[in-house]
Asks: 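Please see the structure below; I have some questions.
Lettering follows sequence order; numbering is per chain, from 1. All values below come from the heavy atoms of this structure, side chains included, with hydrogens, waters and symmetry mates left out.
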Number of protein chains: 2
Amino acid sequence: MSICADQLRTIPERVFCQLREAIVEGEIPPGSRISEAELAARYGISRAPLREAISRLAAVGLIERRPNVGARVIELSADQLIDIFHVRESLEGTAARQAALRMDAEAVGRLRATLDEHAARMRQDGGQAYFQEAGDVDFHYQIIQGSGNHYLVKLLCHDLYHLIRMYRCQFGMRSKRGPAALEEHHAIVAAIERHDGDLAELLMRAHVRASRENVERMISEI
Amino acid sequence: MSICADQLRTIPERVFCQLREAIVEGEIPPGSRISEAELAARYGISRAPLREAISRLAAVGLIERRPNVGARVIELSADQLIDIFHVRESLEGTAARQAALRMDAEAVGRLRATLDEHAARMRQDGGQAYFQEAGDVDFHYQIIQGSGNHYLVKLLCHDLYHLIRMYRCQFGMRSKRGPAALEEHHAIVAAIERHDGDLAELLMRAHVRASRENVERMISEI
DNA sequence: ATGTGCTGGATTGTCGACAATATTAAAGAA
DNA sequence: TTCTTTAATATTGTCGACAATCCAGCACAT
């Protein structure tokens with residue numbers, strides 16, 4: 001499951017993904033200036049394709065640009081993270097609702113298989129480590145894709161998740177609610193299987209809300 | 001109320017707004033190729049700033065790019081419009097909820113004043129003509145801004161509304177449900193004033209859903 | 001001492017030219 | 001005739017250089 005779904009055939013595409021990764025992982029720290037000349041030299045390319053990559057990063061919201069001044073990696077604020085989680089709760093709720101109406105038996109089967117795999121891996125290594133990243137993302141991606149709503153896919157998978165991952169990396173958050181989350185996932189799949197859109201939305205929103213409240217708790221502990 | 005909120009100091013900024021307007025209004029028809037050389041000549045600029053504008057248009061989703069081939073204005077499909085309306089319903093519901101919690105008395109007063117102005121103008125010219133564009137947008141923008149959620153503002157005001165406006169222009173839709181919409185607006189404001197987030201979200205979602213169903217009806221009539 | 005205006009340096013914005021790629025059409029073989 | 005191959009052409013992608021703009025530091029006047 002490549003997060004960088006785009007084909008990275010052209011230079012701006014590749015550099016965009018690399019820079020996004022570097023920013024999300026915190027390798028390029030928040031608030032730091034983006035020097036075009038320096039980055040162009042580092043990646044061994046000219047400034048033209050680099051500028052396009054920067055332009056795309058700005059469109060996604062990972063960096064801020066000021067004319068004739070330059071670009072900076074966005075500063076992190078807890079409030080903005082909460083804002084983003086509200087958006088995510090809203091959108092993923094809708095994704096679950098549409099998925100309940102549009103996913104066929106085969107797609108639901110794949111979803112179930114994913115959860116089984118999660119459960120197995122959780123029994124194996126205690127479950128704590130697994131759930132924060134790829135596993136959880138897999139589950140959510142399948143539902144979002146299952147909604148069949150391309151605009152939702154673009155917003156959630158291409159833009160929002162990277163932002164959330166960035167905050168996660170910066171604040172050093174680990175979710176620690178693996179078992180509870182797995183149970184919630186099962187309930188959501190059951191609702192989708194029954195094609196109960198209302199319930200699927202309700203459960204998904206509660207699930208994301210719990211994750212947000214978990215984040216809020218961790219922030220207040222700092 | 002300038003829709004192009006950004007300062008258009010730099011050339012790409014200006015051209016981005018001009019092109020977006022041309023695409024939304026249908027002056028550049030859907031599916032048509034975007035020739036860099038031709039547009040650069042028309043706007044009297046070089047290809048470099050034009051490419052940045054095109055890049056931004058692609059990020060917003062108004063055009064599609066294929067490497068080494070070129071950019072085309074997106075094709076319109078009724079299904080995608082419905083998809084977008086689902087997203088809008090979801091996001092504006094959340095905006096109304098947060099606005100109910102965060103808007104102060106003064107902001108609510110401005111909202112009321114806007115509605116009064118709408119009512120007056122509706123009595124004046126029969127109301128049909130007014131409600132599709134600026135007036136309705138004004139009301140929704142105030143609530144979205146009132147949510148205090150910057151990410152919501154970006155998604156709804158900067159990206160989504162232009163898409164919807166584009167579809168409206170292409171399909172030649174007029175809403176024709178002015179009086180009903182005004183009544184719904186009043187109910188939403190009342191909920192916000194009472195700081196009833198649940199109700200505000202419920203009403204806003206119903207309001208947007210009604211708009212979507214209106215659109216679905218018009219589509220099926222074609 | 002503080003605020004104002006200027007100058008030097010560095011960075012971003014823009015441009016025209018060249019290289020790489022895809023599409024089209026024609027030409028040849030089955 | 002139809003499919004494949006190939007060359008021509010036009011378009012996009014990339015580059016290095018130049019122009020425009022901003023910022024820091026300093027001199028100077030108040």
Asks: What residues in residues 32-44 of chain A put a non-hydrogen atom under 4.0 Å from any atom of DNA chain C?
Replies: A:R33, A:I34, A:S35, A:E36

Asks: Calculate, to the nearest 0.5 Å, the distance between atoms CZ and SG belonging to A:R56 and A:C17 respectively.
Replies: 7.0 Å

Asks: Please compare A:I45 and A:V69 by the position of their nearest nucleotide in DNA chain D and report the one closer to 5'.
Replies: A:I45

Asks: Under 4.0 Å from any heavy atom of chain B: name the first and the last nucleotide of DNA chain D that qualifies, 5' to 3'.
Replies: D:dT11 to D:dC22

Asks: Salt bridge or not for A:D83 and B:R102, using N-O below 4.0 Å?
Replies: yes

Asks: I'd like to know if the side chain of B:S32 and the backbone of B:I28 have a donor-acceptor N/O pair within less than 3.5 Å.
Replies: no

Asks: side-chain contact (heavy atoms from CB on, under 4.5 Å), that's the test. Do A:H185 and A:M204 meet it? Break it down for me.
Replies: CA-CA 8 Å; A:H185 284 186; A:M204 179 61 89; over 6 Å; no

Asks: Taking for each residue the nucleotide of DNA chain D with the nearest heavy atom, is it B:R47 or A:R66 whose nucleotide lies nearer the 5' end?
Replies: B:R47

Asks: Quick one: do A:K154 and B:E64 make a salt bridge, cutoff under 4.0 Å?
Replies: no

Asks: Would you tabulate the side-chain donor-acceptor contacts of residues 86-93 of chain B under 3.5 Å, counting partners in other chains and residues two or more places apart, or write 'none'?
Replies:
{"from": "B:H86", "atom 1": "ND1", "to": "B:R212", "atom 2": "NH1", "distance (Å)": "3.4"}
{"from": "B:R88", "atom 1": "NE", "to": "B:E92", "atom 2": "OE2", "distance (Å)": "2.8"}
{"from": "B:R88", "atom 1": "NH2", "to": "B:E92", "atom 2": "OE2", "distance (Å)": "3.4"}
{"from": "B:R88", "atom 1": "NH2", "to": "B:Y161", "atom 2": "OH", "distance (Å)": "3.3"}
{"from": "B:E89", "atom 1": "OE1", "to": "B:R212", "atom 2": "NH1", "distance (Å)": "2.9"}
{"from": "B:E89", "atom 1": "OE2", "to": "B:R205", "atom 2": "NE", "distance (Å)": "3.4"}
{"from": "B:E89", "atom 1": "OE2", "to": "B:R209", "atom 2": "NE", "distance (Å)": "3.4"}
{"from": "B:S90", "atom 1": "OG", "to": "A:S90", "atom 2": "O", "distance (Å)": "2.8"}
{"from": "B:S90", "atom 1": "OG", "to": "A:S90", "atom 2": "OG", "distance (Å)": "2.4"}
{"from": "B:S90", "atom 1": "OG", "to": "A:T94", "atom 2": "OG1", "distance (Å)": "3.1"}
{"from": "B:E92", "atom 1": "OE1", "to": "B:H140", "atom 2": "ND1", "distance (Å)": "2.8"}
{"from": "B:E92", "atom 1": "OE2", "to": "B:Y161", "atom 2": "OH", "distance (Å)": "2.6"}

Asks: Below 4.0 angstrom, N of the basic side chain to O of the carboxylate: do B:E38 and B:R42 qualify?
Replies: yes

Asks: In Å, rounded to the nearest 0.5 Å, how long is the span from CD of A:E36 to CD1 of A:I54?
Replies: 5.0 Å

